[in-house]
4 protein chains.
Amino acid sequence: MSKMENNTYTDKELAIFNGVIDLIKRGANIYLVTVSEIAKASGVGKGTIYEYFRTKEEVISKAILYNMKREVEHAIERVEQKNNFKDRYYEALEIIVENFDNKFSTINLLLSTGNFNELYEYMIDEKHLIAAYTSRIESIIDRLLLMGYEEGIITIEESQYYKRMVIISSIAGFINYINNRERYLDIDTQKAMDLCYKMVIKALK
Amino acid sequence: MSKMENNTYTDKELAIFNGVIDLIKRGANIYLVTVSEIAKASGVGKGTIYEYFRTKEEVISKAILYNMKREVEHAIERVEQKNNFKDRYYEALEIIVENFDNKFSTINLLLSTGNFNELYEYMIDEKHLIAAYTSRIESIIDRLLLMGYEEGIITIEESQYYKRMVIISSIAGFINYINNRERYLDIDTQKAMDLCYKMVIKALK
Amino acid sequence: MSKMENNTYTDKELAIFNGVIDLIKRGANIYLVTVSEIAKASGVGKGTIYEYFRTKEEVISKAILYNMKREVEHAIERVEQKNNFKDRYYEALEIIVENFDNKFSTINLLLSTGNFNELYEYMIDEKHLIAAYTSRIESIIDRLLLMGYEEGIITIEESQYYKRMVIISSIAGFINYINNRERYLDIDTQKAMDLCYKMVIKALK
Amino acid sequence: MSKMENNTYTDKELAIFNGVIDLIKRGANIYLVTVSEIAKASGVGKGTIYEYFRTKEEVISKAILYNMKREVEHAIERVEQKNNFKDRYYEALEIIVENFDNKFSTINLLLSTGNFNELYEYMIDEKHLIAAYTSRIESIIDRLLLMGYEEGIITIEESQYYKRMVIISSIAGFINYINNRERYLDIDTQKAMDLCYKMVIKALK
DNA sequence: TATGAATGAGTTTTCATTCAT
DNA sequence: AATGAATGAAAACTCATTCAT
């Protein structure tokens, strides 16, 4: 039972994580999904799951955290490839669009309303991880803001909290658009992005 | 036993709804709560629940919708008692603060990320109700904006979508603050509200 | 609670019996029928049933016995109106035809395979009643046989048991026809009766 | 654990069937028996039953059909070992005697009054099976009759329906004797058989 | 090491019976 | 006397977890 080395995972563990993530992306409810379903989706036996994890709760929680880590890292990598304020901001919105069909998007979980707190109790044990992602995102936002300042887009004299809040609010507003697109037939995605950006500019000027 | 309290539910149904809402407000997970727990929290026998509802799913879904209706109506009533743009906006934030401990806050559900869609399948049948609340909130926002316009606070020439988005984004940003208060020790609630308002003013000027 | 006088029943008791009989004739299974269904079918409240009977088992058992008594008496009355062997025998078959749609026919219960024994345990207490009906039927058969003897139709020198057995067997055979009519498309009811009668005559000659 | 015993059922399914059959033979009512009782009688866990069958109804219905198949096949085999009309007929009566304590005898179900129709709804799906047994029995009767004809015991010129009816009626009459033995103290089983046979001979002469 | 058949604890659901009105 | 709302004991059924293979 060679559990894992540091923070890498065995093939079986990864298969199981991917099974869970798959199920959830296909609409399964993390509270109602069964171990049998996970086993089938992962292509492993039910017993095997218990070779690698102690309980169902642990499987699901760790799978979610694994996915979160991956998504956040991927998002950061993409955002950092953009070299100016506007491109970087739009890239963030772009990522949100791409993740829309994924009800289980980490962005949703991290940025918005704290519904995340409702997740498995178990995760409380892993709260430091979530906090780590949250502060990584914060530093990304800080660098974005610095870029905007250096480019002369941001000129306002206000606390860092205010500036971060503007970015976070605008992104939350954009997520709200994405989640309710069917109600805004006259606003296409490009338009919605442009208006988010406009708000940011005005609020930070 | 006066059969109907209002024109909709019997006393027993209301007792059961309140039992469910109580449980959830005390931290129960809507997917993991049991009928026995609901019965105990409602002060009725387990069998009684099945006299009034066909399944556990129906009980919980209807309780949530009932609560949503009540909360939305209460919030609207409070907001409408304020007669100027600023007071009305702050009143909305105030309501959010008061609802914070309520993991199950309708504001969270309605305004933000659409995690609401993940709720019990059953609710799909009641989607029109949720849509109705959403558009009531929208018209409240529209009236708020009109007020701001009449008071000369809002002067921007932009689409209604933009203006609504500013309000919604700022509220979502405020919810984010509330949900992460422990991370913003240097910002008290009053300050957070003021900064939200500042963003709104700047974005709508 | 004026229970009953001797062997007459109150209106309520009769209403309940008729409710039960109705349900069963409409295809309900006596083991699966619920007290609520009986109450609805009887047009009385569920509580009322427990004013007149101690348990569900008692209600159903007594209703069945009541029906049995009525059916047997009615059958005997009809049979005795016929004044010769052949008419009397045919009248018995006629009654069976008329009762066919009634899965719950007493004739089935009494004459045939003893499936009756499977009925409610409770009935064991009332076994004397069933025995009484059985021996009334036996004496009807005896009088029928006497008639046939006097008419010169029956001439065989054999035990009374044999003669009764011939009658009972032929009726059981006819019931088998009735219950499987769809398998005997070339045999109409009249023909089946005639062949039963033929067998009886030959066996008793 | 050799998966399939014959080409139809797993070992576990057979264990469950035998548990059900056992219970019924020991006097349990097929409508009132519980899954817990079946589990205990089968020597398997309650959950195991639901691994192999979808509902309690399915378990019981399939167990009954399984038993019916076995009993019919066994009876036919025994009957066919006899090489003349009389022995074959008596062998059939013998089988009935042996099955008497079995309230759940297939012979009762198939030959007689059609009470069988009252069994679980589920069986309607399997009606073709029951029809198949019924017609197998019919062809056994036909071969018996042919034997009697060839031996010169049967000489009557009548329809096949009549001849079959005589056999079926006599067997039904014998079942009636068996089920009411306590009322016929002066007739022992041998005597009852002989009289049945006598009736058959006379009716088919 | 990997498995899935087996299981029973714990869930949802039913319904005979009670009892306040 | 008549009722049906309320109930909990007992039923059907589910599924996380175990363990023999």
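Chain naming here is simple, since letters A, B, ... match the order of the sequence lines and numbering starts at 1 in each. Scope of the values below: all heavy atoms of this structure, side chains included, with no hydrogens, waters or symmetry mates.
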Between [atom1] on residue [X] and [atom2] on residue [Y], distance to nearest 0.5 Å:
{"X": "B:Leu32", "Y": "A:Tyr31", "atom1": "CG", "atom2": "OH", "answer": "7.0 Å"}
{"X": "A:Lys40", "Y": "A:Thr34", "atom1": "NZ", "atom2": "OG1", "answer": "9.0 Å"}
{"X": "B:Glu37", "Y": "B:Lys56", "atom1": "CD", "atom2": "NZ", "answer": "8.5 Å"}

- Please name all residues satisfying salt bridge (charged side-chain N to carboxylate O under 4.0 Å, His left out) with B:Glu73, sequence neighbours left out, ordered by chain then number. B:Lys69, B:Arg136
- With pairs taken as Watson-Crick or G-U wobble and both distances under 3.5 angstrom, which stems of at least three consecutive pairs involve DNA chain E? E:2-21 with F:2-21
[X] has an atom [atom1]; how far is it from atom [atom2] of [N], in whole Å?
{"X": "D:Glu13", "N": "E:dA6", "atom1": "CD", "atom2": "P", "answer": "10 Å"}
{"X": "D:Arg54", "N": "F:dC13", "atom1": "CZ", "atom2": "P", "answer": "11 Å"}
{"X": "A:Ile16", "N": "F:dT17", "atom1": "CD1", "atom2": "P", "answer": "14 Å"}
{"X": "B:Phe53", "N": "F:dA6", "atom1": "CZ", "atom2": "C1'", "answer": "15 Å"}
{"X": "C:Asp11", "N": "F:dA2", "atom1": "CG", "atom2": "P", "answer": "10 Å"}
{"X": "B:Tyr50", "N": "F:dA10", "atom1": "OH", "atom2": "P", "answer": "18 Å"}
{"X": "D:Glu57", "N": "F:dA11", "atom1": "CD", "atom2": "C1'", "answer": "15 Å"}
{"X": "C:Lys56", "N": "E:dT18", "atom1": "NZ", "atom2": "P", "answer": "15 Å"}

Counterpart residues, side chain to side chain contact (heavy atoms under 4.5 Å, CB included), relative to [X] (two or more places apart):
{"X": "D:Ala15", "value": "none"}
{"X": "D:Glu51", "value": "none"}
{"X": "D:Arg26", "value": "D:Asp22, D:Leu23, D:Ala41"}
{"X": "C:Lys12", "value": "C:Thr10, C:Val44, C:Thr48, C:Tyr52"}

- Task: Applying ring-ring contact (aromatic ring centres under 6.0 Å, His included), name anything that partners D:Tyr50, two or more places apart in sequence or on another chain.
- Result: none
- Tell me, which of residues 39-48 of chain D have any heavy atom that sits under 4.0 Å from an atom in DNA chain F? D:Lys46, D:Gly47
- Out of F:dA11, E:dA16, F:dT17, whichever nucleotide has its closest atom nearest the side chain of D:Thr34: F:dA11
- Message: Can you identify which nucleotide, out of F:dT3, E:dT12, E:dT7, has its nearest atom closest to the D:Glu51 side chain?
- Response: E:dT7
- Item | Phosphate-side-chain proximity, A:Lys12 and E:dA2, N/O vs OP1/OP2 below 4.0 Å | yes
- OP1 or OP2 of E:dA2 less than 4.0 angstrom from a side-chain nitrogen or oxygen of A:Tyr52, does that happen here? yes
- Message: Heavy-atom nearest nucleotide on DNA chain E for D:Ile49 versus B:Val35: which residue maps closer to 5'?
- Response: D:Ile49
